[in-house]
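Have a look at the structure below before the remarks.
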Amino acid sequence: KGSDPALAGEYVVLTAHLDHVGVGAPINGDAIYNGAMDNASGIATLIEAAPAIAAAQPKRSVLFVAVTAEEKGLLGSRYFARHPTVA
């Protein structure tokens with residue numbers, strides 16, 4: 001929650017996604033499309049940023065949102081945009 005009563009009702013959303021393409025046509029003999037740079041780094045950054053941002057006591061409230069199905073048409077992001085957890 002934001003530290004400034006006048007701004008605490010405003011939200012900054014930080015988001016990352018959990019999915020990746022998965023398995024597909026082999027590239028150099030490897031059919032697993034590893035998602036380290038596609039999703040793991042974003043989620044790790046989101047997790048690591050949370051305590052630092054909380055310690056900074058930002059004026060506005062911050063939501064940390066991990067979504068999925070982005071490779072299937074931004075389904076997680078679309079769902080959150082249509083059904084936010086705050087007004």
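Both backbone and side-chain heavy atoms feed into the values below; hydrogens, waters and symmetry mates do not. Just so it is clear, the structure is predicted and the values come from calculations on it, not from any experiment.
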(request) Provide the closest heavy-atom pair for Pro58 versus Val62 in the form atom of the first, atom of the second, distance. (result) CG-CG2, 3.9 Å

(request) Return the set of residues passing side chain to side chain contact (heavy atoms under 4.5 Å, CB included) with Ile47 (not counting sequence neighbours), or none when no residue passes. (result) Ile43

(request) Spell out, as yes or no, whether a donor-acceptor pair under 3.5 Å connects the side chain of Ser61 to the backbone of Gly2. (result) yes

(request) Report whether Val86 and Val13 are members of the same hydrophobic cluster (ILVMFWY, side-chain heavy atoms less than 4.5 Å apart, transitive linking). (result) yes

(request) Could you tell me the separation between the OG1 atom of Thr15 and the CG atom of Leu46, rounded to the nearest 0.5 Å? (result) 7.0 Å

(message) Would you say CG of Leu63 has more than 12 non-hydrogen atoms from neighbouring residues, nucleotides or ligands within 6.0 angstrom?
(response) yes

(message) How close do Ser3 and Gln57 get, counting heavy atoms only, and between which atoms?
(response) OG-O, 3.0 Å

(message) Quick check: is Tyr11 connected to Phe80 through a chain of hydrophobic side chains (ILVMFWY, heavy atoms under 4.5 Å apart)?
(response) yes

(message) Please determine whether side chain to side chain contact (heavy atoms under 4.5 Å, CB included) holds for the pair Val12 and Ile53, giving the CA-CA distance in whole Å, both sets of side-chain angles, and the decisive distance to 0.1 Å.
(response) CA-CA 11 Å; Val12 175; Ile53 291 171; over 6 Å; no

